[in-house]
Amino acid sequence: MHYALTRKIEYRSRQRYYRIIENVKNVAPFYRRLLSYSPRLNEYVTQFEKSDTPESWLKGWEDLGIDMRSIQSSELNNF
């Protein structure tokens with residue numbers, strides 16, 4: 001279970017932010033960064049079957065008071 005692509009606007013924004021940091025710090029050649037943050041990643045991830053998360057995966061977190069079921073997005077929640 002991964003929440004990264006449940007909020008696609010924030011996900012894409014975060015990827016742009018990482019690209020800027022890596023560009024400024026010159027941590028990898030341009031072609032490698034281009035491959036790492038490819039827009040095709042979304043196509044790759046979305047080709048897999050989606051299913052409900054088993055209750056047992058959520059129970060321990062919810063017992064600690066963590067809301068695992070609602071995903072909030074804000075227009076201003078971008079990097």
Side-chain angles (χ1 to χ4, degrees):
M1 179 177 68
H2 199 290
Y3 283 95
L5 292 176
T6 58
R7 299 183 324 169
K8 291 183 181 180
I9 292 171
E10 289 85 350
Y11 173 76
R12 289 185 181 122
S13 178
R14 190 176 319 108
Q15 296 305 307
R16 287 190 305 271
Y17 176 70
Y18 293 156
R19 287 182 211 168
I20 291 168
I21 290 173
E22 291 182 356
N23 190 33
V24 169
K25 291 186 174 187
N26 199 23
V27 296
F30 174 74
Y31 70 89
R32 188 175 302 153
R33 291 193 317 262
L34 188 62
L35 293 173
S36 297
Y37 298 108
S38 172
R40 301 198 72 184
L41 176 63
N42 288 341
E43 295 172 21
Y44 171 75
V45 172
T46 56
Q47 74 181 345
F48 296 103
E49 181 181 335
K50 295 166 192 67
S51 61
D52 292 338
T53 302
E55 291 293 322
S56 61
W57 290 13
L58 304 175
K59 184 176 179 352
W61 299 108
E62 291 176 336
D63 289 346
L64 294 172
I66 300 171
D67 179 10
M68 300 294 291
R69 297 177 189 270
S70 57
I71 299 167
Q72 299 176 8
S73 188
S74 169
E75 192 175 313
L76 302 175
N77 192 17
N78 292 329
F79 291 98

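Position 1 is the first residue of the sequence; numbering continues from there.
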I'd like to check the salt bridge (charged side-chain N to carboxylate O under 4.0 Å, His left out) partners of Asp67; sequence neighbours left out, ordered by chain and number.
none

Could you give the distance from NZ (Lys59) to CG (Leu64), rounded to the nearest 0.5 Å?
10.0 Å

Check for me, please, whether Ile20 and Tyr17 land in the same ILVMFWY cluster - side-chain distances under 4.5 Å, paths through other members count.
no

Approximate separation, where rounding is to 0.5 Å, of Ile21 CD1 and Tyr18 OH
8.0 Å

